[in-house]
Amino acid sequence: MTTLTQEPYEESAGRPVGYATHDVTNQPPPLAPYDASADTALLEGVRREGAGWAEEELRRLGLRAGSAQAQEWGDLANRHEPVLRTHDRYGNRIDEVEYHPSWHHLMRVAVGEGLAGSAWGDDRPGAHVARTAGGLVWGHTEAGHGCPTSMTYAAVPALRAEPELAKVYEPLLTSREYEPGLRPPTGKRGLLAGMGMTEKQGGSDVRTNTTAATPTAESGVYTLRGHKWFTSAPMCDVFLVLAQAPGGLSCFLVPRVLPDGTRNTFRVQRLKDKLGNRSNASSEPEFDGTVAWLVGPEGQGVKTIIEMVNCTRLDCVMASATLMRKTLVEAGHHVRYRGAFGARLVDQPLMRNVLADLALESEAATTLTLRLAGAADRAVRGDAGEAAFRRIATAVGKYWVTKRGPAFTAEALECLGGNGYVEESGMPRHYREAPLLSIWEGSGNVNALDVLRALGRSPETAHALFGELALARGADARLDAAVARLESGLAEASETGARRLVELMALTLQGSLLVRHAPPAVADAFCASRLGGDWGHAFGTLPAGADLGGILERALPPRA
């Protein structure tokens, strides 16, 4: 019998050994290390929205996010998924979730860099912008661990509805110390917050919740009984939960461990087997005699969590914009090195059109995200006009940017061809992640209808939106015409047409921001395609006159 063997070529310069059957050619080198903050639109937006003081920190974080180590953390945290341990070896109920060490590395950096609740303890103007920008950069690692940091951020303003509770917990929720493990909250250096709002029969319709809250003899203390359908990050220290009190739907603070060190009843029935976001554990907990503290008045649960909703919706927009930028960088890196039909892909005219189209979408999403963060920052400091703008524009951005994410990510994946379809590339993980952001914190319909609700109940929101659009009046005829269509559409607004109306709001808002702040190559191509109708139904259909080179030069990081 003849034995077939592969004779390795001589190893040289630390490169992998070649084999007689083939050489590896025409493949890009690893992207990492790279600078995840090397995004002109991001840095310009940070300065414009009042957080220029954070630029040095962002650049440092960008290098860390793009490092080979941090990229590996993201990969490992998703390959080694959380594991539920309902009981210990002796049969005691513990309801704990084990994470891979990479998850804790990611969380430690995120909390330490102020991406959780610390912005609420920072008096500097632009603190909330700096936090959002940090998310846009550190999110290049992976998306799942952004869930507990986002919920912790959003929990702080809701908790302020009960000043005595806020006095105890806010300093810990705004800490930059990551201290995992279940222990009495006040004995830790930093806390994370989760949320348990939805139930299987209602989803976004939280008023149909059936979890019951029964008052105890101690003022403000209740016991809960019921089951929650989606409660992410069950190893957080405290949770905001909605339940039906005698006075109606109310908000409660539920700790995993009670002040005396005993475990609160928080029976995790199972972890969700999700499409994406797999590094993050999402659970179904059961409450039965679970101790909870009332947050805000009885019957005002929805009102209490409204500020929380604004925060988490902003983070959905931010996460979608981050995913767009990450996959654009991956696609741009690949086509710069990959050749086909006698030229580098990046020099092929049709590929340049695709990349430029993706770059426009990414810049528009990033610019809008930072404008929303600026509005949030100024709103919490008492600017009524910015609060009105934030009220409507965050819902508009949540609807549109998260809707664009899946199509964008699919197109970026396709730039890598078959290489992008295999797990090792990381692109399938990004693709599976993309739909979540449109679902989380209210699906597309919920956000579109929320825009109509804001217009009907708070007329100042429409004034704020059109005031923003007016800042670009006269700069581009296509934008002016789109704003006029929007004004006409408001007069005929209906639930049936809500999506079309909100889409036009988003596009005019993005167009207005780009016309004012982006170079002519970017603004002109965006207005021609998104507002002027000179566009197809897929990415890569920009008009013949678009300055593709100008767009790509601005969008793609310098080649290593």
Side-chain angles (χ1 to χ4, degrees), residues 29-47 51-80 99-119 122 124 126-150 152-153 175-180 190 192 279-280 315 318-319 321-330 332-333 362 366 369-370 373 425-427 429-430 433 556-560:
L31 172 60
Y34 73 102
D35 183 358
S37 70
D39 180 356
T40 303
L42 167 70
L43 296 175
E44 289 179 353
V46 166
R47 299 178 200 124
W53 49 266
E55 185 171 336
E56 184 176 342
E57 293 180 7
L58 286 173
R59 291 181 180 275
R60 176 180 51 76
L61 185 61
L63 291 172
R64 191 167 192 184
S67 69
Q69 181 187 56
Q71 292 296 306
E72 184 181 29
W73 289 343
D75 179 61
L76 290 174
N78 283 271
R79 291 182 184 274
H80 302 278
Y99 295 90
H100 189 269
S102 292
W103 167 270
H104 296 296
H105 295 324
L106 292 164
M107 285 296 301
R108 189 166 288 107
V109 174
V111 174
E113 294 290 340
L115 306 187
S118 67
D122 192 334
R124 290 176 293 182
H128 295 269
V129 177
R131 177 200 171 263
T132 299
L136 286 164
V137 170
W138 184 246
H140 279 235
T141 55
E142 74 93 40
H145 75 291
C147 181
T149 58
S150 177
T152 302
Y153 173 67
S175 167
R176 292 194 177 208
E177 295 286 340
Y178 174 62
E179 190 175 326
L192 294 175
S279 68
N280 174 46
D315 279 5
M318 178 263 286
T322 304
L323 199 56
M324 289 182 187
R325 179 63 189 173
K326 169 62 172 175
T327 54
L328 173 64
V329 170
E330 293 277 4
H333 176 75
S362 176
T366 297
T369 298
L370 291 169
S425 72
M427 297 297 273
R429 168 159 59 91
H430 303 321
E433 187 71 28
L556 298 182
R559 181 170 172 173

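All figures in this text were calculated on a predicted structure; none of them were measured in a lab.
- Take Y34 and apply the side chain to side chain donor-acceptor pair (under 3.5 Å) test, not counting sequence neighbours, and it matches H140, K326.
- Judged as a side chain to side chain donor-acceptor pair (under 3.5 Å), and not counting sequence neighbours, the contacts of E55 are R47, R59.
- The line from NE2 of H430 to OG1 of T322 is 11.5 Å long, rounded to the nearest 0.5 Å.
- Applying the salt bridge (Lys or Arg N to Asp or Glu O under 4.0 Å) rule to D35 yields no partners; only residues at least two apart in sequence or on another chain are considered.
- With S37 as reference, V137 is the one residue of L63, V137, V46 to meet the side chain to side chain contact (heavy atoms under 4.5 Å, CB included) rule.
- Shown here are the side-chain contact (heavy atoms from CB on, under 4.5 Å) partners of S67, two or more places apart in sequence or in another chain: Q69, A70.
- Evaluation of the side chain to side chain donor-acceptor pair (under 3.5 Å) rule for H128 yields Y153 as partners, not counting sequence neighbours.
- Between L42 atom CG and E44 atom CD the span is 9.5 Å, to the nearest 0.5 Å.
- Here the side chains of W103 and P148 are in contact, with some heavy-atom distance below 4.5 Å.
- With sequence neighbours excluded, the residues forming a side-chain contact (heavy atoms from CB on, under 4.5 Å) with A130 are A51, W53, A54, listed by chain and number.
- A pairwise comparison of heavy atoms in S118 and R176 identifies OG-NE, 3.7 Å as the closest pair.
- Counting heavy atoms from C-beta on, the side chains of P29 and H333 come closer than 4.5 Å.
- Using modelled atom types, no side-chain atom of S150 and backbone atom of C147 make a donor-acceptor pair closer than 3.5 Å.
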Less than 3.5 Å apart, which donor and acceptor atoms pair up between the side chains of residues 105-117 and the rest of the protein, not counting sequence neighbours?
unit_1: E113; atom_1: OE1; unit_2: R60; atom_2: NH2; d: 3.3
unit_1: E113; atom_1: OE2; unit_2: R60; atom_2: NH1; d: 2.9

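- With values rounded to the nearest 0.5 angstrom, M318 atom CE is found 10.0 Å from L370 atom CG.
- Legend: residues meeting side-chain contact (heavy atoms from CB on, under 4.5 Å) with E177, ordered by chain and number and at least two apart, are S175, R189.
- For S102, the side chain to side chain donor-acceptor pair (under 3.5 Å) test picks out H100, with sequence neighbours left out.
- Scored by the side-chain contact (heavy atoms from CB on, under 4.5 Å) test, P30 finds no partners at all (sequence neighbours excluded).
- Of all non-hydrogen atoms in L61 and G134, the two that sit nearest each other are CD2-O, 3.8 Å.
- Expressed to the nearest 0.5 Å, how far CG of D39 lies from CG of L136 amounts to 8.0 Å.
- The salt bridge (charged side-chain N to carboxylate O under 4.0 Å, His left out) analysis of residues 62-71, with sequence neighbours excluded, yields no pairs.
- Between M324 atom CE and T369 atom OG1 the span is 8.5 Å, to the nearest 0.5 Å.
- For E57, there are no salt bridge (Lys or Arg N to Asp or Glu O under 4.0 Å) partners two or more places apart in sequence or in a different chain.
- The structure places CG of D75 at 11.0 Å from OG of S279, a figure rounded to the nearest 0.5 Å.
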